Engineer: 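First the structure, which I've put down as structure tokens, then a few questions once you've had a look.
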Amino acid sequence: MSDNNWMNTPALGGIDPAKLQMLASLAEQAQKKDKSEVMPFLMALSGGGSDDISFNSDETEAIINALKAGKSPQEIKKMDKILSVMKKIKK
């Protein structure tokens with residue numbers, strides 16, 4: 001079973017529950033993938049279509065901060081690196 005403790009972060013209280021449920025589902029799918037499959041999976045998600053649920057910058061920041069909570073400095077550094085790569089690719 002996946003660890004969805006990040007979803008209980010008070011900062012996420014303002015995000016639509018349907019969006020949070022979708023995120024939980026995506027997180028569960030990502031956990032089932034091999035390490036080599038996670039980045040392509042995330043990149044495919046970031047492409048998005050017009051019918052996809054989107055998050056504004058405040059929601060995105062709250063989600064990222066919730067995911068970082070309780071992580072080691074090394075894990076946070078890895079997350080920041082992945083986010084940086086994804087931002088560069090989207091440009």
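Computed over heavy atoms, backbone and side chain alike; hydrogens, waters and symmetry mates excluded. Nothing here was measured: the structure is a model prediction, and the numbers come from that model.
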Engineer: Membership question, hydrophobic clusters at under 4.5 Å side-chain separation (ILVMFWY): are I64 and M22 in the same one?
Structural biologist: no
Engineer: Taking all non-hydrogen atoms of both residues, which atom of E59 and which atom of I15 are closest, and how far apart?
Structural biologist: CG-CG1, 3.8 Å
Engineer: Report whether V85 and I76 are members of the same hydrophobic cluster (ILVMFWY, side-chain heavy atoms less than 4.5 Å apart, transitive linking).
Structural biologist: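 No, no single cluster joins them.
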Engineer: Once you round to the nearest 0.5 Å, how far does CG of L12 lie from CG of L20?
Structural biologist: 6.0 Å
Engineer: Step through the shown structure and confirm whether more than 12 heavy atoms of other residues, nucleotides or ligands are within 6.0 Å of NZ on K78.
Structural biologist: no
Engineer: Do I63 and L26 belong together in a cluster built from hydrophobic side chains that touch within less than 4.5 Å?
Structural biologist: yes
Engineer: Let me confirm one number: the OG1-CG distance from T60 to L83, rounded to the nearest 0.5 Å.
Structural biologist: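 T60 OG1 to L83 CG: 10.0 Å, rounded to 0.5 Å.
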Engineer: Does E61 CD have over 12 foreign heavy atoms under 6.0 Å away?
Structural biologist: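 No - once you tally the heavy atoms of other residues, nucleotides and ligands closer than 6.0 Å, there are 12 at most.
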Engineer: Is there side-chain contact between Q29 and S25, with at least one heavy-atom pair below 4.5 Å?
Structural biologist: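 Yes, at least one pair of side-chain atoms sits under 4.5 Å.
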Engineer: What closest approach, in Å, do A11 and A62 show between heavy atoms, and which atom pair accounts for it?
Structural biologist: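 So the two residues come closest at O-CB, 3.9 Å.
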